[in-house]
Amino acid sequence: MAEWYFIWVDGPRGPEPQKWSSDALWGQLARQDVIVRFPLSDREAELSLDQLARLHPVPQ
(Lines give C-alpha, C1' and ligand atoms only; values in the text may rest on other atoms or scores of the structure.)
Protein backbone atom coordinates (compact mmCIF):
# COMPACT_ATOMS: atom_id res chain seq x y z
CA MET A 1 0.00 0.00 0.00
CA ALA A 2 1.38 3.38 -0.98
CA GLU A 3 1.94 6.11 1.56
CA TRP A 4 0.92 9.65 0.62
CA TYR A 5 2.69 12.97 1.07
CA PHE A 6 1.53 16.55 0.75
CA ILE A 7 4.28 18.59 -0.91
CA TRP A 8 4.85 22.30 -1.39
CA VAL A 9 7.06 23.01 -4.43
CA ASP A 10 8.46 26.32 -5.60
CA GLY A 11 6.51 27.06 -8.78
CA PRO A 12 6.79 29.91 -11.31
CA ARG A 13 4.14 31.94 -9.43
CA GLY A 14 5.14 30.93 -5.90
CA PRO A 15 4.55 27.84 -3.77
CA GLU A 16 2.30 25.19 -5.32
CA PRO A 17 0.66 22.28 -3.44
CA GLN A 18 0.97 18.71 -4.74
CA LYS A 19 0.13 15.25 -3.45
CA TRP A 20 2.62 12.44 -4.16
CA SER A 21 2.47 8.73 -3.42
CA SER A 22 5.48 6.90 -2.03
CA ASP A 23 5.58 4.92 -5.29
CA ALA A 24 6.47 8.09 -7.22
CA LEU A 25 8.37 9.84 -4.43
CA TRP A 26 11.72 8.09 -4.92
CA GLY A 27 12.14 9.57 -8.39
CA GLN A 28 11.45 13.04 -6.98
CA LEU A 29 13.82 13.10 -3.97
CA ALA A 30 16.57 15.01 -5.78
CA ARG A 31 14.27 17.83 -6.93
CA GLN A 32 15.56 21.21 -5.85
CA ASP A 33 12.13 22.90 -5.91
CA VAL A 34 10.60 21.00 -2.95
CA ILE A 35 9.97 23.41 -0.06
CA VAL A 36 8.52 20.97 2.48
CA ARG A 37 7.02 17.47 2.60
CA PHE A 38 4.29 16.33 5.03
CA PRO A 39 3.48 12.62 5.46
CA LEU A 40 -0.29 12.08 5.37
CA SER A 41 -2.49 9.83 7.47
CA ASP A 42 -4.96 7.57 5.66
CA ARG A 43 -7.74 10.08 6.43
CA GLU A 44 -5.68 13.05 5.16
CA ALA A 45 -4.73 11.19 1.95
CA GLU A 46 -8.39 11.34 0.89
CA LEU A 47 -8.59 15.15 1.22
CA SER A 48 -8.37 17.60 -1.69
CA LEU A 49 -5.33 19.82 -2.26
CA ASP A 50 -7.30 22.85 -1.00
CA GLN A 51 -8.14 21.08 2.25
CA LEU A 52 -4.55 19.90 2.70
CA ALA A 53 -3.20 23.39 2.04
CA ARG A 54 -5.33 24.69 4.92
CA LEU A 55 -4.12 21.90 7.23
CA HIS A 56 -0.45 22.20 6.20
CA PRO A 57 0.25 25.78 5.07
CA VAL A 58 3.50 26.59 3.33
CA PRO A 59 6.17 27.64 5.85
CA GLN A 60 7.07 31.33 5.89
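The first residue of the sequence shown is numbered 1, and numbering continues consecutively from there.
- A search for side-chain contact (heavy atoms from CB on, under 4.5 Å) contacts involving Pro59 returns Ile35, Val36, not counting sequence neighbours.
- In this structure Asp10 satisfies the salt bridge (charged side-chain N to carboxylate O under 4.0 Å, His left out) test with no other residue, sequence neighbours excluded.
- For Trp8, the ring pair (Phe, Tyr, Trp, His ring centres under 6.0 Å) partners are Phe6, not counting sequence neighbours.
- Taking CG of Leu55 as the reference point, atom OG of Ser41 lies at 9.0 Å (rounded to 0.5 Å).
- The two residues Val58 and Pro15 make their nearest non-hydrogen contact at CG2-CB, 3.8 Å.
- One finds the CG atom of Leu40 at 5.5 Å from the CG atom of Leu52 (value rounded to the nearest 0.5 Å).
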| query | Passes side chain to side chain contact (heavy atoms under 4.5 Å, CB included), Lys19 versus Ile7? Steps please. | reply | CA-CA 6 Å; Lys19 190 167 31 171; Ile7 312 292; over 6 Å; no
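- Tested against Trp4, the residues Pro39, Ser22, Ser21 include a single side-chain contact (heavy atoms from CB on, under 4.5 Å) partner, Ser21.
- Judged as a side-chain contact (heavy atoms from CB on, under 4.5 Å), and not counting sequence neighbours, the contacts of Asp42 are Met1.
- Identified under the ring-ring contact (aromatic ring centres under 6.0 Å, His included) test for residues 41-60, with sequence neighbours left out: Phe38-His56.
- A search for side chain to side chain donor-acceptor pair (under 3.5 Å) contacts involving Gln18 returns Trp20, not counting sequence neighbours.
- For the side-chain contact (heavy atoms from CB on, under 4.5 Å) test, no residue two or more places apart in sequence or in another chain qualifies with Arg13.
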